[in-house]
Amino acid sequence: MVPEPSARARSGLEDVVVGDSAITLVAGETGGLAYRGFEIGELARHASFEGVLYLLLEGDPPTTPQLAELTRELASRRVLPIALQRAADALPAELPPLEALRSLVSTMGTRSFGYPPTRAQGYELVAKAPSLLARVVRRRKGAAAVAPDPELGHVANYLYLLQGRRPTERALRALETYFILLADHGMNASTFALRVVLSTQSDLASGAVAALAALKGPLHGGAPSKVSDMLDAVGDPGEAERWIDAALERKERLMGFGHRAYKTEDPRARIFKEVARVAAEPRRFALALEVERAALAALGRRRPEQRLYTNVEFWGALVLEAAGLERDLFTPTFALARTAGWTAHALEQAGANRLIRPDVDYTGPAVGRTWPTGA
Ligand code: ACO
């Protein structure tokens, strides 16, 4: 039985403000999201992932020379040193990619990370994580690793390193938008985990390992592949209503719906739906449209007070499918985008650090029990 929360405790820290941040505004009631004052729609239309990374870390968009400098910096750091190549090749081939990435970021931490975190360490994390992930994925398939292409940007390089060929314009645009929109999201579970670790004066790589561990769970970043599974299980648009009702009858959660912060449609879902409309396979898009319609109708009917709407993972799954990614790469790809936000939060945390150490209301037995003698 789940115990009643004590009067002072807020279950799941809902609505608890844990600090100040100047990075990202999440407007849950109105469905708004902005990085450093730039709405995500504006960024999706005009920025690159590199530009957003710079914005998150520095607070303002880069000038053309600053963007060129950052692009060069990432390109030079994308190449894996022999020690990291060996670490990647030594992992058990059956390790799921997210867990492989978590292990390899941990290995990276023994090299050049210390406290306080620096921008250079952040670039190291952002640049090397896709190379590490792609290496283990190609090895799993028995394919040789590919060297990064200095002509390509960050997101294009990720697809190139994975697939061994330059991506199509359509796949690249879809995934670039994905990286931009997933780059940060306020005090989400993985970022909070990272900030707790950084607050002990531990390093950025250790914080990223904690963040990756938190991201794995389906209540946070582990949902999008399950959205694809759900679409497969529904199979036909005509089956959507019956399938959704049966799932809710079994008390299952519908993946890709509901959000702690948003009490309306997730703004990222709105943009991804339009990306998917162009990039996804038309029959898949039509199926997703019908599943979304049936899910929103059923959730609205059964749980109107919860205000459950489409979240980023639902249409995000279609975008990742359209970019040609396999399902077990969905959450790792989310993580690659989020390394930008994690770095920004690590720098912000260290800039005004105090140990994060909350309190808890004790609800155990009264003190004064006696230990059984002779036991
Ligand atoms: N389908 C069915 N019921 C739901 C859903 C859903 N997707 N989401 C919430 N509910 C129900 C819960 O069962 C709960 O019912 P109860 O009060 O009878 O137990 C009630 O609504 C409140 O749910 P909580 O879990 O308390 O809400 P919370 O704010 O903690 O959860 C969460 C948010 C975890 C995202 C939830 O909506 C969920 O599980 N969604 C499905 C998983 C998912 O899509 N995760 C990705 C989130 S986006 C991201 O992190 C990037």
Side-chain angles (χ1 to χ4, degrees), residues 1-21 87 90-92 94-111 113-117 121 125 185-223 226 250-253 255 258-261 303 305-306 331-332 334-335 338 341-342 345-375:
M1 207 180 87
V2 182
E4 279 293 304
S6 65
R8 290 198 309 138
R10 293 271 189 90
S11 169
L13 297 183
E14 182 161 8
D15 293 332
V16 173
V17 174
V18 295
D20 294 338
S21 176
L91 289 175
E94 66 278 9
L95 204 60
L98 185 71
E99 279 148 63
L101 181 62
R102 196 187 59 211
S103 309
L104 291 167
V105 170
S106 192
T107 310
M108 274 174 80
T110 59
R111 293 167 52 81
F113 290 80
Y115 190 85
Q121 292 166 14
L125 175 68
H185 203 238
M187 202 45 61
N188 57 87
S190 56
T191 300
F192 185 52
L194 168 126
R195 288 189 78 135
V196 169
V197 171
L198 264 291
S199 84
T200 69
Q201 298 193 349
S202 185
D203 60 273
L204 173 60
S206 301
V209 171
L212 283 159
L215 193 70
K216 180 182 166 189
L219 300 190
H220 186 13
K226 296 189 166 54
R250 292 193 299 273
K251 304 257 176 279
E252 285 174 16
R253 286 178 182 226
M255 291 294 135
H259 198 279
R260 175 63 67 76
R303 303 188 150 271
E305 74 296 347
Q306 298 290 349
T331 302
F334 180 167
R338 191 54 61 83
W342 289 338
H345 281 271
L347 295 174
E348 190 178 62
Q349 179 65 38
N353 189 48
R354 187 152 186 241
L355 177 72
I356 297 174
R357 202 299 186 191
D359 212 346
V360 67
D361 278 337
Y362 176 71
T363 56
V367 176
R369 302 171 81 192
T370 50
W371 189 254
T373 51

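All residue numbers refer to positions in the sequence shown, counting from 1. Just so you know, these numbers use all the heavy atoms, side chains as well, and skip hydrogens, waters and symmetry mates.
Partners of P358 by side chain to side chain contact (heavy atoms under 4.5 Å, CB included), not counting sequence neighbours, listed by chain and number: I356. For Q349, the side chain to side chain donor-acceptor pair (under 3.5 Å) partners at least two apart in sequence or on another chain are R195, N353. Shown here are the side chain to side chain contact (heavy atoms under 4.5 Å, CB included) partners of A335, two or more places apart in sequence or in another chain: L98, L101, L212, L215, W342. Residues meeting the side chain to side chain contact (heavy atoms under 4.5 Å, CB included) test with T200, sequence neighbours left out: S202, L355. By the side chain to side chain contact (heavy atoms under 4.5 Å, CB included) test, L219 pairs with R253, sequence neighbours left out. Checked against salt bridge (Lys or Arg N to Asp or Glu O under 4.0 Å), K226 has no partners two or more places apart in sequence or in another chain. Partners of R250 by salt bridge (Lys or Arg N to Asp or Glu O under 4.0 Å), not counting sequence neighbours, listed by chain and number: E252.
Residues A210 and A193 share a closest heavy-atom pair of O-CB, 4.1 Å. Heavy-atom minimum distance, S190 versus R338: OG-NH1, 4.4 Å. Considering every non-hydrogen atom in both N188 and H220, the closest pair reads OD1-NE2, 3.4 Å. Heavy-atom minimum distance, M255 versus P218: SD-O, 4.3 Å. Taking every heavy atom of both residues into account, P117 and L347 meet most closely at O-CD2, 3.5 Å. Taking every heavy atom of both residues into account, A350 and P116 meet most closely at CB-CB, 4.5 Å.
For the atom pair Q201 CD and Y115 OH, the distance stands at 4.5 Å (nearest 0.5 Å).
The closest donor-acceptor contact from the side chain of H345 to the backbone of L194 lies at 3.5 Å or more, if one exists at all. Using modelled atom types, no side-chain atom of T191 and backbone atom of M187 make a donor-acceptor pair closer than 3.5 Å. T331 places no side-chain N or O within donor-acceptor distance of the main-chain N or O of K216, the cut-off being under 3.5 Å.
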